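For the numbers below, each heavy atom of this structure counts, side chains included, while hydrogens, waters and symmetry mates do not. All of these numbers come straight from a predicted model, not from anything done at the bench. Counting starts at 1 for both ligands and their atoms, in listed order.
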Amino acid sequence: MLCEARAPRPGCTRDRITVHLRVNPLDCIAHGLCAELLPEWVRLDESGYPLLADGPLPAALVETARRAAQACPTRALLLEPDGS
Ligand code: SF4
């Protein structure tokens, strides 16, 4: 999604895309890798399922979050632009 300064779309803040991290609970197997790779944003509950921080990812964490999503063995961890 492209963000244009004059006509921003949902999920765009100025010239940046706002990205949220989400977990598909149907696919998550409580592997825990996401919390190891992205401890700034993910912690695990008592059963080992991820609990994510609220709100959009800080820009500084987006690339790390992308790598964590790619490493998730079941592809349950998803990066989604706001408004998608
Ligand atoms: S790495 Fe994937 S499967 Fe493992 S806890 Fe995180 S979201 Fe669930």
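- For atom 6 (Fe) of ligand 1, the tally of protein N/O/S atoms lying closer than 2.8 Å stands at 1.
- Taking all atoms of both residues into account, the shortest heavy-atom contact from P50 to C28 is CD-SG, 3.5 Å.
- Nearest heavy-atom pair across A69 and L77 is CB-O, 3.4 Å.
- Atom numbering of ligand 1 starts at 1 in the shown order; those under 4.0 Å from a heavy atom of T74 are 3 (S).
- By the salt bridge (charged side-chain N to carboxylate O under 4.0 Å, His left out) test, R43 pairs with no residue at all, sequence neighbours left out.
- Taking all atoms of both residues into account, the shortest heavy-atom contact from V62 to L79 is O-CD2, 4.2 Å.
- Pairs of residues two or more places apart, or lying in two chains, that qualify as salt bridge (Lys or Arg N to Asp or Glu O under 4.0 Å) and include a residue from residues 22-38 are R22-E80.
- The salt bridge (charged side-chain N to carboxylate O under 4.0 Å, His left out) test applied to R66 returns E63, not counting sequence neighbours.
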